[in-house]
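Numbers for residues simply follow the sequence, beginning at 1. Below, all heavy atoms of this structure are taken into account, side chains as well, without hydrogens, waters or symmetry copies.
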Amino acid sequence: DLGWEKTDQTDVGLEYAMFNSRISGTIDGYRYRTHDLLLTRLLPVTSGFTQTLQNIGATKNTGVELSLSTLNIRNWRGLSWTSDINWAHNKNEIVALASGAQSDIGNVWFVGHPINIPTDAQRRVFYDFKYVGVWQFKDSLDMKAFNAKGSTFKFGDPRVADINGDGKIDANDRTFVGDSYPAWTGSLSNRLTYHGFDLSALVTAKWKYTFIDGTPRSYFGRFNNVADLDYWTPTNPTNKNPAPTTGAVDRLYASTRLYLDGSHWRIRNITAGYTFDQRFTRRLGVQSVRLYGTAQDPYIHTDYIGIDPEVGGAVPTLRTLLIGSNIVW
C-alpha cells in the first residue's frame with residue numbers, strides 16, 4: 001500500500017547589490033508542504049511487530065534565509081576588510097496525521113507541532129512531565145494532597161506540574177517541554193588582509209532549542225559526578241536539583257530535570273597567515289609560500305554547565321590548534 005511522497009514547493013527570492021557592490025546579499029522565503037509522508041510508525045508489541053513504514057499525513061515547512069556581504073574597506077593603504085552575515089529561521093509542523101487523528105502519542109506526533117524523529121537528535125520533540133522545582137517544607141500541604149491520591153512524594157523530590165489540575169500526577173500530565181529545532185541559526189565571518197598578512201574568523205549561533213543533557217551525572221549521593229551540583233538538603237532548600245539518594249534507583253521524575261535550553265554562540269574558526277613576497281619565493285625556487293595558524297572551535301558561550309550543548313553529553317567538539325604551510329612549486 002506504500003506510495004510516493006509528494007511535495008508542493010514555493011520559493012521567492014531577491015538578490016541585491018548597491019554602492020558599486022560594496023553591499024550585496026540575498027533574501028529567500030520558502031514554503032514546502034509534503035503529503036503522504038513516508039515514516040516509520042511504532043506499533044504495539046502485542047501485534048507481533050514493533051514498527052512499520054507507512055504514508056502518514058502531511059507536514060509543512062516555512063522559513064526565511066538572509067545573507068549580507070559587505071566590503072568594509074577596499075585596499076586602503078594595503079588594508080582590505082570584508083564581512084558576511086547569514087541568518088535563517090525555519091518552522092516545521094505536522095498539518096495532518098493518518099485517518100484525521102490529531103495526535104499519535106506513541107510516536108510523539110501532534111498536529112501543529114514539529115515532526116518527531118527519535119533517531120535524529122536534530123529533529124526531536126520532547127513530550128514529558130514538566131519539571132517545576134523541588135518539593136520544599138513549605139509545600140507540605142500540597143504534598144499531602146498529592147500523596148492522598150496515590151503519589152509518594154517526599155521533601156527533596158523532583159516536583160512536576162499538574163497540567164490538568166486534578167490533584168494527581170499521571171500520564172495525563174505530560175506536555176510539550178521543547179524540541180530540538182532551533183528558533184534561528186546565524187553566522188558572522190570576517191576577513192582582513194594587509195599586504196602579505198591575512199586574518200579571518202567565523203562565529204556561529206544556534207538559538208532557542210531543547211536537548212536532553214547526557215552529561216554523566218546522577219542524583220546518587222554515593223557516586224562521583226562530572227559536575228559539582230547544587231543539591232537540595234534540609235539546610236540548602238534549593239530548587240535547582242533534587243536531593244541525592246544513597247540507593248541504586250534515581251528519584252521519580254528526576255529525568256525531567258535534563259531538558260535544557262541549548263542556546264549558544266561559538267567561535268568556529270580563527271585563521272592567521274602570511275604569504276611571502278614573490279621576490280623571496282623565487283630565490284627558493286617555488287611559486288608561493290604561506291605560513292598559517294588555525295584555531296578550530298576555541299570558544300563557546302552558553303549557560304549550559306556541561307561542555308557542548310550541541311552534542312549534549314556525547315563526545316564534545318575538540319579544540320584544535322593547527323600550524324602549517326602552503327608551498328606551491
Minimum side-chain heavy-atom gap P237-W232 below 4.5 Å: yes

Whether over 12 other heavy atoms sit under 6.0 Å from F19 CZ: no

Flag if over 12 foreign heavy atoms under 6.0 Å of CG, D11: yes

Side-chain donor/acceptor of R22 to backbone N/O of L71, under 3.5 Å: yes

Modelled atom types, side-chain donor and acceptor of N86 and S67, under 3.5 Å: no

Residue pairs, two or more places apart or on separate chains, that pass side chain to side chain donor-acceptor pair (under 3.5 Å) and touch residues 314-329: D308-T317

Atom pair CZ/OG1 of R124 and T119 - distance to nearest 0.5 Å: 8.5 Å

Gap between atom CH2 of W184 and atom NZ of K208 - 0.5 Å precision: 11.0 Å

Side-chain donor or acceptor of N116 paired with backbone N/O of V125 under 3.5 Å: yes

Whether K206 side chain and G262 backbone form a donor-acceptor pair below 3.5 Å: no

Same cluster (ILVMFWY, side-chain, under 4.5 Å), V111 and L37: yes

Separation between CE of M143 and CZ of F137, rounded to the nearest 0.5 Å: 8.5 Å

Linked, directly or transitively: Y304 and I307 (ILVMFWY side chains, under 4.5 Å): no

L42: hydrophobic cluster co-members (side-chain, 4.5 Å): none

Donor-acceptor contact present, side-chain N92 to main-chain I115, <3.5 Å: yes

Whether D104 side chain and W109 backbone form a donor-acceptor pair below 3.5 Å: no

Sidechain-backbone polar pair: S80 side chain, N75 backbone, donor-acceptor under 3.5 Å: yes

Ring-ring centroid check W265 Y299, cutoff 6.0 Å: yes

Short side-chain to backbone donor-acceptor contact, T238 and K240, under 3.5 Å: yes

Atom pair OG1 (T34) and NZ (K6), whose distance is rounded to the nearest 0.5 Å: 11.0 Å

D8 bridged to R33 by N-O distance under 4.0 Å: no

Members besides L2 in its Ile/Leu/Val/Met/Phe/Trp/Tyr cluster (side-chain heavy atoms under 4.5 Å): L38, L53

Partners passing salt bridge (charged side-chain N to carboxylate O under 4.0 Å, His left out) against D142 (at least two apart in sequence or in another chain): R159

Over 12 foreign heavy atoms within 6.0 Å of CD1, I85: yes

Q9 atom CD: more than 12 heavy-atom contacts under 6.0 Å: yes

F49 atom CZ: more than 12 heavy-atom contacts under 6.0 Å: no

Interatomic spacing from CG in N72 to CG in L79 - rounded to 0.5 Å: 10.0 Å

Member of Y259, F126, F110 meeting the ring pair (Phe, Tyr, Trp, His ring centres under 6.0 Å) criterion with F176: F110

CD1 on I169 to CZ on F153, rounded to 0.5 Å: 5.5 Å

Closest contact, heavy atoms only, Y292 versus T294: CD1-OG1, 3.7 Å

Of all pairs that satisfy side chain to side chain donor-acceptor pair (under 3.5 Å), the ones with a partner from residues 172-181, not counting sequence neighbours: none

Mutual orientation of the aromatic rings belonging to F211 and Y209 [parallel < 30°, tilted 30-60°, perpendicular > 60°]: tilted

Salt bridge (charged side-chain N to carboxylate O under 4.0 Å, His left out) partners of D120, counting only residues at least two apart: R123

Connected via hydrophobic side-chain network under 4.5 Å: L252 and V160: yes

More than 12 heavy atoms of other groups within 6.0 Å of W81 CH2: no

